[in-house]
Amino acid sequence: MVERGQGPDFIEALARGLHVLRSFSVDRPIMSLAEVATRTDLARPTARRILLTLEELGYVRSGRSGYVLTPRVLELGMAYIGALDLWDMARPHLEGLVAATGESSSMAQLDGSDIVYVARVAVPKLISLRVDIGTRFPAMVTSQGRALLSAMDRAAVHQRLAEPSRSGIAAKPYTSNEIDELLDQTAERGWALADQDLAPGVRSIAVPVRDGRGVARAAMNITVHAAETPVEVLTSDYLPLLLAAAERISADWSAWQRRPIHQASRTSPPR
């Protein structure tokens with residue numbers, strides 16, 4: 001269903017356009033007009049006008065098989081990542097961590113009750129879930145989500161987790177007591193573990209990445225195949241490397257925030 005705002009300035013047409021863009025996914029990369037209308041619960045004439053508008057703007061392309069997203073859609077997400085300079089700062093540290101462990105590493109941030117991947121360096125291993133920049137997962141079943149939620153006020157956590165996930169994945173149910181106990185444990189030890197909570201065979205460990213004010217703005221993880229790498233290896237061998245990499249990224253982020261801002265001098269216009 002299209003998200004509906006409550007404010008007087010809410011533009012439903014814009015919400016519908018974004019809803020159409022989000023309806024495309026890995027399992028539905030190409031869709032006909034009828035499929036888009038069904039998937040978005042929009043009338044076919046409405047879906048057609050939106051698709052034609054998006055095509056004219058360059059965000060979708062039509063063909064014999066149907067409509068498909070174009071690479072221009074990446075501009076929407078990369079503008080956000082670029083505004084933080086997060087990827088440029090994280091990349092060398094992610095690459096170094098992956099070289100040292102031989103395992104994939106990613107960074108994610110919270111968005112509602114989900115995490116969204118904003119940086120990733122992968123290795124060619126068989127993992128049951130595909131992860132790309134922009135991929136969403138329910139936060140509580142991921143190590144990165146737990147690392148970020150554990151740094152928040154618990155009342156704010158419960159309010160956030162009450163929001164429905166937009167990942168398309170059924171979130172594992174947790175009671176309020178289970179959430180508090182799990183996040184308290186995570187906060188106390190300073191790192192989070194997700195052992196096949198997201199999907200069978202997927203095991204990961206994560207730590208928060210903090211900005212110059214000490215606020216946990218992102219989380220960084222190492223993901224392994226559970227059949228290959230036991231929890232003990234994650235916590236004894238990989239965790240120290242992960243903590244060191246996250247600390248270096250946090251230091252870079254802090255230095256970036258303290259950078260001098262040079263403003264162009266302004267001269268009075270001639271009279």
Side-chain angles (χ1 to χ4, degrees), residues 1 3 22 25-27 77 80-81 86 90 103-120 122 127-211 214-226 229-231 234-235 238-239 242-243 246 249-250:
M1 295 290 292
E3 297 177 21
R22 291 198 301 267
S25 61
V26 174
D27 61 317
Y80 169 73
I81 296 172
L86 185 56
E103 304 290 353
S104 299
S105 181
S106 308
M107 289 187 68
Q109 293 184 298
L110 286 172
D111 182 23
S113 60
D114 298 330
I115 61 164
V116 180
Y117 283 76
V118 297
R120 178 167 172 81
I127 297 292
S128 58
L129 288 176
R130 175 174 172 174
V131 177
D132 299 299
I133 303 299
T135 294
R136 308 177 71 94
F137 291 130
M140 268 304 296
V141 296
T142 68
S143 60
Q144 291 164 302
R146 292 172 182 175
L148 289 168
L149 291 170
S150 69
M152 296 175 55
D153 174 78
R154 294 294 176 263
V157 167
H158 290 292
Q159 183 177 11
R160 178 180 288 268
L161 293 181
E163 300 179 26
S165 170
R166 292 191 280 133
S167 66
I169 296 175
K172 177 182 176 181
Y174 291 92
T175 66
S176 295
N177 288 338
E178 287 173 335
I179 291 171
D180 290 343
E181 183 178 350
L182 185 55
L183 296 184
D184 287 347
Q185 181 187 49
T186 299
E188 181 177 355
R189 64 190 182 188
W191 52 271
L193 175 72
D195 190 4
Q196 305 184 77
D197 297 288
L198 176 60
V202 178
R203 177 177 289 156
S204 69
I205 194 168
V207 297
V209 176
R210 302 181 184 276
D211 64 12
V215 178
R217 296 281 300 278
M220 182 177 181
N221 80 344
I222 294 175
T223 303
V224 300
H225 197 292
T229 308
V231 172
L234 270 180
T235 56
Y238 293 168
L239 179 58
L242 179 63
L243 286 167
I249 295 175
S250 295

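Scanning all heavy atoms of the two residues, the minimum distance from L193 to R146 falls at O-NH1, 2.7 Å. Residues S150 and T186 approach most closely at OG-CG2, 3.6 Å, considering heavy atoms. Considering every non-hydrogen atom in both A90 and M107, the closest pair reads CB-SD, 3.2 Å. P173 approaches E178 most closely through the heavy-atom pair O-OE1, 4.3 Å. Considering all non-hydrogen atoms of both residues, L242 and I205 come closest at CD2-O, 3.6 Å. The minimum heavy-atom distance linking E163 with G112 is given by the pair OE1-CA, 3.4 Å.
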Residue pair R166, D111: steps toward the side chain to side chain contact (heavy atoms under 4.5 Å, CB included) verdict: CA-CA 9 Å; R166 292 191 280 133; D111 182 23; 3.1 Å; yes
Worked check of side chain to side chain contact (heavy atoms under 4.5 Å, CB included) between T135 and R120: CA-CA 11 Å; T135 294; R120 178 167 172 81; over 6 Å; no
Worked verdict on I169 versus V141 for side chain to side chain contact (heavy atoms under 4.5 Å, CB included): CA-CA 11 Å; I169 296 175; V141 296; over 6 Å; no
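Note that CZ of R136 and OG of S113 are 8.0 Å apart. Values are rounded to the nearest 0.5 Å. With rounding to the nearest 0.5 Å, the separation of CG in D197 from CZ in R203 is 10.5 Å. Atom CG in L148 sits 8.0 Å away from atom CD in Q109 (nearest 0.5 Å). Remark: M152 CE to Q159 CD distance equals 8.5 Å, nearest 0.5 Å. The CG atom of L243 lies 10.0 Å from the CE atom of M220; values are rounded to the nearest 0.5 Å. Distance check: I115 CD1 to L198 CG gives 8.0 Å after rounding to the nearest 0.5 Å.
Looking at H158 and S176, their side chains come closer than 4.5 Å, going by heavy atoms from C-beta outward. Two residues are said to be in side-chain contact when any heavy atoms from C-beta on lie closer than 4.5 Å; I222 and L239 fail this criterion.
Residues satisfying the side-chain hydrogen bond (donor to acceptor under 3.5 Å, both in side chains) criterion with R154, sequence neighbours excluded, are D184. Partners of A206 according to the side chain to side chain contact (heavy atoms under 4.5 Å, CB included) rule, which considers only residues two or more places apart in sequence or in another chain, are S143, Q144, A147, N221.
Side-chain N/O atoms of S25 and D27 include a donor and acceptor closer than 3.5 Å.
Annotation: ring-ring contact (aromatic ring centres under 6.0 Å, His included) contacts involving residues 164-186, sequence neighbours excluded, are absent.
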